[in-house]
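Presented below is the structure to which this report refers.
Just so you know, ligand 1 is whichever comes first in the structure, and atom 1 is the first atom listed for that ligand.
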Amino acid sequence: MDTQKMGFNTICTHLGEIKDEQFKGAVSPIYMSTSYAFEDVDIKRYPRYFNTPNQEALSKKIAKLEKGESALIFGSGMAAISTTLFAFLQKGDHIVLQRTLYGGTANLVNEEFEKHGIEFSYVDTQTSEGFKEKIKPNTKVIYIETPSNPLLTITDIKAVADLAKENNIITMIDNTFASPVNQNPIELGIDIVLHSATKYLGGHSDILAGAVISSEKNMDQIFQVAKNFGGSLSDFTVWMLERSIKTLGIRVKQQNKNALKLAKWLEKHQDISAVYYPGLKSHPDYEIAKKQMKGYGGMLSFELKEGLNASKFQKELRLIKSSMSLAGVESTILSPTLTSHALLTEEERALQGISDGLLRLSVGIEEDEDLTQDIQQAIEKVKILELEH
Ligand SMILES: *Cc1c(COP(=O)(O)O)cnc(C)c1O
């Protein structure tokens with residue numbers, strides 16, 4: 001079939017797959033070789049060159065899902081992010097980043113960049129004017145992440161991409177939270193898309209991986225650094241990721257549906273004081289989200305009413321698991337103050353609007369009634385515990 005015409009779920013299921021010519025098996029065979037005969041001087045296959053049969057096959061699928069020309073798969077999201085940043089930044093360069101970043105990315109910037117003579121500025125107001133103010137003559141990259149963690153703030157992707165183009169600056173986006181199902185930043189003018197494939201692309205909380213998608217030209221520049229940094233993914237895990245992505249479309253659409261239902265239910269609940277979900281009309285960035293997203297994703301945050309203890313509530317949940325990671329088929333919950341944002345000071349958290357009672361929920365594919373029921377029973381138990389005090 002003409003791959004140009006394939007729809008999303010067909011790309012997920014088929015594009016790039018390796019035909020098993022020998023045994024006619026239904027799925028791509030795994031090639032675990034680290035050593036291949038020289039076909040000719042141009043093609044030296046080697047896992048750290050990102051060009052084994054399985055790596056190449058999956059890269060095609062991921063590139064197509066994000067509407068890019070080419071992609072590389074990495075051993076983790078951070079391997080993809082660090083390699084890509086260092087491919088476009090050198091001593092004397094400057095990067096503008098939004099403040100609300102994945103913690104690992106913020107650590108990379110704060111702990112490594114100065115050593116390498118790379119300057120950086122954070123933007124607190126996530127508007128294109130906010131980014132514009134921080135641009136300097138040596139600014140080479142603008143880096144965004146939307147929706148962000150944990151309050152699901154939205155950055156106007158096209159506005160930032162346009163601003164960057166006017167100033168000849170490369171744009172990068174961490175598209176992990178949205179996944180390619182809900183948002184394709186390349187269509188909106190972004191140059192480079194990054195993913196922690198550990199999250200929605202993997203989707204089952206059992207794979208650590210990353211991906212970068214861009215034009216052939218940019219990907220070649222990234223590859224030159226990638227082979228030196230050596231962050232490729234094992235072919236077995238590449239194969240696992242190919243299998244996982246077959247269901248990406250149906251998983252995330254179910255997660256979108258569940259999260260929207262849950263967000264609306266929580267918003268009406270008398271024991272919930274705040275809900276953060278970009279698909280709610282009450283979300284401050286709802287209009288931007290509506291413009292640039294196809295679905296609003298499976299991530300949401302909420303606060304329990306004053307007097308209801310968030311840690312106790314979390315312990316009383318029976319179906320929703322406490323877990324650091326996100327985006328699996330099972331629903332998971334965490335307290336940003338105690339986990340993902342524990343390293344920030346109290347003031348830094350307050351600046352980002354992260355209260356101690358905030359809970360971040362990664363909505364899975366379960367039946368939504370079972371999720372609301374679990375939350376309801378946990379709230380009731382916490383109320384009884386508070387009364388006993
Ligand atoms: C998890 C995550 C990362 C880092 O990915 P790893 O696979 O853990 O290295 C980067 N960005 C976002 C938004 C994430 O959620």
Using a distance-only test with no angle check, is there a side-chain donor-acceptor pair under 3.5 angstrom linking [X] and [Y]?
{"X": "S148", "Y": "E145", "value": "no"}
{"X": "Q377", "Y": "Q373", "value": "no"}
{"X": "T176", "Y": "D174", "value": "yes"}
{"X": "S322", "Y": "Q314", "value": "yes"}

Min heavy-atom dist I81 to ligand 1 below 4.0 Å: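 Right, I81 reaches ligand 1.
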Mind running side chain to side chain donor-acceptor pair (under 3.5 Å) on E330 and S205 for me, showing each step along the way? CA-CA 9 Å; E330 64 285 320; S205 312; 2.6 Å; yes
Ligand-residue contact atoms, ligand 1 with [X], heavy atoms, under 4.0 Å:
{"X": "A209", "value": "7 (O)"}
{"X": "T198", "value": "6 (P), 7 (O)"}
{"X": "M78", "value": "5 (O), 6 (P), 9 (O)"}
{"X": "K199", "value": "1 (C), 2 (C), 3 (C), 14 (C), 15 (O)"}
{"X": "S76", "value": "7 (O), 9 (O)"}

For F302 and Y277, what are the C-alpha separation, side-chain angles and deciding distance, and is it a ring-ring contact (aromatic ring centres under 6.0 Å, His included)? CA-CA 9 Å; F302 62 96; Y277 185 66; over 10 Å; no
What do you reckon, does G77 have a nitrogen or oxygen under 3.5 Å from a nitrogen or oxygen of ligand 1?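 Among all N and O atoms of G77, at least one is under 3.5 Å from an N or O of ligand 1.
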Kindly indicate whether the side chain of P29, heavy atoms from C-beta on, has any atom under 4.5 Å from the side chain of I18.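 P29 vs I18: side chains touch.
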Please determine if R318 and E316 form a salt bridge, counting it only when a charged side-chain N lies under 4.0 Å from a carboxylate O.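 Yes.
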Looking at atom 5 (O) of ligand 1, what's its closest protein heavy atom, distance included?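 For this ligand atom, the closest protein heavy atom is S196 OG, 2.9 Å.
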List the closest protein heavy-atom neighbour of atom 4 (C) of ligand 1: residue, atom name, distance to the nearest 0.1 Å.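 For atom 4 (C) of ligand 1, the nearest protein heavy atom is Y102 CE2, 3.3 Å.
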Heavy-atom contacts under 4.0 Å between L194 and ligand 1: side chain, backbone, both, or neither?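 For L194, there is no contact with ligand 1 at all, from either part.
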Heavy-atom contacts under 4.0 Å between L208 and ligand 1: side chain, backbone, both, or neither?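 The part of L208 near ligand 1 is the side chain, not the backbone.
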Just going by heavy-atom distances, which of D174, L108, T176 is nearest to atom 11 (N) of ligand 1?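 That would be D174.
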